[in-house]
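Before any comments, here is the structure.
Within every chain, numbering begins at 1; the chains are lettered A, B, ... in the order of the sequence lines, protein sequences first and strands thereafter.
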Protein chains: 4
Amino acid sequence: MPRVSEEHLERRRLQILDAAQSCFARKGFHETSLQEIFRESGLSAGAVYRYFRSKDDLIRAIAARSQPLVVAILEEILDADELPPLDEIVARFAVGVVERMGPGGAAWIAPQGWALAAYNLPIREAIADLFRDSRAWWLRVAERLQDEGELAPEADPHAIAAVLTSIIPGFIMQRLVLGDADAETLREGMRTLLSTDPAL
Amino acid sequence: MPRVSEEHLERRRLQILDAAQSCFARKGFHETSLQEIFRESGLSAGAVYRYFRSKDDLIRAIAARSQPLVVAILEEILDADELPPLDEIVARFAVGVVERMGPGGAAWIAPQGWALAAYNLPIREAIADLFRDSRAWWLRVAERLQDEGELAPEADPHAIAAVLTSIIPGFIMQRLVLGDADAETLREGMRTLLSTDPAL
Amino acid sequence: MPRVSEEHLERRRLQILDAAQSCFARKGFHETSLQEIFRESGLSAGAVYRYFRSKDDLIRAIAARSQPLVVAILEEILDADELPPLDEIVARFAVGVVERMGPGGAAWIAPQGWALAAYNLPIREAIADLFRDSRAWWLRVAERLQDEGELAPEADPHAIAAVLTSIIPGFIMQRLVLGDADAETLREGMRTLLSTDPAL
Amino acid sequence: MPRVSEEHLERRRLQILDAAQSCFARKGFHETSLQEIFRESGLSAGAVYRYFRSKDDLIRAIAARSQPLVVAILEEILDADELPPLDEIVARFAVGVVERMGPGGAAWIAPQGWALAAYNLPIREAIADLFRDSRAWWLRVAERLQDEGELAPEADPHAIAAVLTSIIPGFIMQRLVLGDADAETLREGMRTLLSTDPAL
DNA sequence: CATGAATGAGGCTTCATTCAT
DNA sequence: GATGAATGAAGCCTCATTCAT
């Protein structure tokens, strides 16, 4: 017999997560103190601890909810319409990333998750899932292209998926540190690559 | 033990950096305490502080010396012989990364540097330099390919450089969290991409 | 123990200040560790830090609250009744100092404040205020004596104030290190001085 | 059979003491690190430790050599000529203090010694000697004045000595924190006091 | 449910001191 | 005699977490 509506609980949870994400994007997981999150969220220590067992829990939750983002971008591309050319797919992905990457956006958090993955096993597993999902998505794309005869029948779609998955973090990082990565450049680069004589 | 040779000083510095890198790879910048580095290096607090002003300084030094690594791999490829085909170049790069990526290797540190870049401006600038260097290297490759007629004259070498630079972090991350990324897959994927009809 | 009364907060603050003063009187500002103050106050590090931002802050607070003490002694003399003879005033001041100078008393702290004043500008300013206040008080006394015709009309009351202000620290120090300074001696010495032929 | 001349040793010792005094005047006993003294003196840690067993030893030495200063000023007054009037004696003392009180001068150190006296017994004893010496000197003055009939025969010279001794620290402190204390004001104040009708 | 005062372990750093060269 | 690299205890302070109100 809960005294408070389920919805209220969910709203509180979100309020905390948003505050945490904002702080984490600004100062990083470790250099953000819980005090700052209390302040940013407008809640007390006790209140936050009612929703999250520990700082680690909060970090995990933030990492977890940032994770599906990239895959979501990809899904939307397939959902929207029929398969565009590969350079267009890549470009749309880039647009999605850029849109969700304002400072404070989830993609600002992503590299921090990758860093954790280097030594924190549970986080690594979560990040691994993300990459597996991306790869699975690209695999589907590659297979469809192959079905449609636009990829050589003897081509290995898994290898293509691995390469295209590789592009994601690098695009995010270039955007993050150089600020000049954009969808058009990526599209142009892909197109050039695709039209290159493989025998070179 | 005064009046020590310059070489001794340099050896000590390296001893500390190696210990720090090992710890950082194992537990991350923030979750490694200086005590652990003292223990790992076999030196006292005071000794370490003679060579590095603060933990931050140590982190910066580690980040700085991991930085040239990727570019070094690239340089070696050009130095070695004449320009191999693009998929071969990518494959060699991958081999270089894998070789230098045992746990504790510098590439294990890289994502932690990327994470810092999200909110630490000096570090971001250092990381930005890394990406600029990579891009510059790929640009030279692209221009040479173009000179040799293996890339369309109207192609934009900058765009190619951006795409190929993008692949680096993603390959490292897939290696790190999935463990299954290897040079052959990357080569195969690149070859397929290059032989794909761009009109698809 | 949240939502605590203002009074509770004030009591805590006092509890800490008293503990700090006791420690400082026993071992000096610099040779007292915060651990000792935590122990003496019965509070934890975190609790103390809720009320004072740093050890320096604590030192400043102790110095600040010891400051008004001497002036308070002086004020009480004027408040009490009409102006007694000068030697009596000085004697009463001495009594006040002695009474408030048990080991651990604020006057035990005073010389430590003077020492800080030699190189710590903010503290110097605070101590300067103390001396200004003392001098202002003695000036009022001198002017009243002049009004009442007991001081030559051509006398400079500021000069008198400077001399009488000078006596304070020396009396405190003699009491502190020799232990034999008392009000009667001071009164007697003043009386002799006052009855001395200035032409000597 | 000392390898080094006695004179060389003494010069080194002085070199260190001067450096220490300069640092102590600038930052205080406790806030000066030995490193700073090494730097200021141009000597190495080992060299300084050859002459002083510890930092405490150095502090004691500085306190000890600053101590005779005030008494020296007093002695010079008596040595110079025959006994001047009391207000002149006080004024000369003030001149002596002011002359030796530039920042870095010994009198800048004095309050730090007084502070130590509050809780450090050996230092207190040393400071006590200083006050005893001052008092003894004033006692001699008072007795001579009494002999010369310029002080009432029934006056207590000890009481006078106590009062005049009291003036010293207060003058130093006013000079230190207010900067405006000078010999003329002190002389004027003393003269006024001496010419005041004690019956007031 | 919420508050926020309190806890205390543990982090980073300094610095007096030693001793091999 | 002198040097200065090295030691390591101890200091100040932060911060995740708890719990009485």
Side-chain angles (χ1 to χ4, degrees), chain A residues 2-5 8-9 12 30-39 42-59, chain B residues 1-5 8-9 12 30-38 41-58, chain C residues 1-5 8-9 12 30-38 41-58, chain D residues 2-5 8-9 12 30-39 42-59:
Chain A
R3 304 266 189 76
V4 169
S5 74
H8 173 254
L9 259 39
R12 273 270 189 275
H30 300 283
E31 292 172 61
T32 296
S33 76
L34 288 185
Q35 293 302 328
E36 291 173 270
I37 295 177
F38 302 153
R39 211 176 305 129
L43 290 173
S44 68
V48 170
Y49 267 85
R50 178 162 299 278
Y51 295 89
F52 297 92
R53 317 171 61 80
S54 67
K55 185 180 184 183
D56 260 28
D57 199 29
L58 204 43
I59 290 177
Chain B
M1 195 188 310
R3 191 102 294 176
V4 172
S5 70
H8 168 96
L9 260 37
R12 272 273 187 276
H30 301 283
E31 292 172 62
T32 296
S33 77
L34 287 183
Q35 289 303 330
E36 293 174 272
I37 295 177
F38 303 152
S41 69
L43 289 173
S44 68
V48 170
Y49 268 84
R50 172 170 291 277
Y51 295 88
F52 297 92
R53 314 166 65 82
S54 66
K55 185 180 183 183
D56 256 31
D57 197 30
L58 206 40
Chain C
M1 195 188 312
R3 193 98 300 175
V4 173
S5 69
H8 168 96
L9 260 38
R12 272 273 187 276
H30 301 283
E31 293 172 61
T32 296
S33 77
L34 287 183
Q35 288 303 329
E36 294 173 271
I37 295 177
F38 302 153
S41 69
L43 289 172
S44 67
V48 170
Y49 269 85
R50 173 169 291 277
Y51 295 87
F52 298 91
R53 314 166 66 83
S54 66
K55 184 180 182 182
D56 257 31
D57 198 29
L58 205 41
Chain D
R3 305 266 189 78
V4 169
S5 73
H8 173 254
L9 258 40
R12 273 269 189 277
H30 300 283
E31 292 171 63
T32 295
S33 76
L34 287 185
Q35 294 301 329
E36 292 173 270
I37 295 176
F38 302 153
R39 211 177 305 130
L43 291 173
S44 68
V48 170
Y49 267 85
R50 178 163 297 278
Y51 295 88
F52 298 91
R53 316 171 62 80
S54 67
K55 185 180 183 184
D56 259 29
D57 198 29
L58 204 42
I59 291 176

Think [X] has a side-chain N or O under 4.0 angstrom from the OP1 or OP2 of [N]?
| X | N | result |
| --- | --- | --- |
| B:Arg53 | E:dT13 | no |
| D:Tyr51 | F:dG1 | no |
| C:Arg50 | E:dA5 | yes |
| B:His8 | F:dG4 | no |

Measure from the side chain of A:Tyr49, starting at C-beta and using heavy atoms only, and say which of F:dT18, E:dA16, F:dT7 lies closest.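 In terms of side-chain proximity for A:Tyr49, the closest of F:dT18, E:dA16, F:dT7 is F:dT18.
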
Any idea which of E:dA16, F:dC12, E:dC12 is nearest the B:Ser33 side chain?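 The answer is E:dC12, which lies nearest to the side chain.
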
Whole-Å distance between [N] [atom2] and [X] [atom1]?
| X | N | atom1 | atom2 | result |
| --- | --- | --- | --- | --- |
| D:His30 | F:dA10 | NE2 | C1' | 16 Å |
| C:Glu31 | E:dC15 | CD | P | 15 Å |
| B:Gln35 | F:dA9 | CD | C1' | 11 Å |

Looking at side-chain heavy atoms only, is the closest gap between [X] and [Y] below 4.5 Å?
| X | Y | value |
| --- | --- | --- |
| B:Tyr51 | B:Leu9 | yes |
| B:Arg12 | B:Leu43 | yes |
| A:Val48 | A:Leu34 | no |

Any strand: nucleotide that pairs with F:dC19 via Watson-Crick or wobble, under 3.5 Å: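 When the pairing criteria are applied, E:dG4 turns out to be the nucleotide that pairs with F:dC19.
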
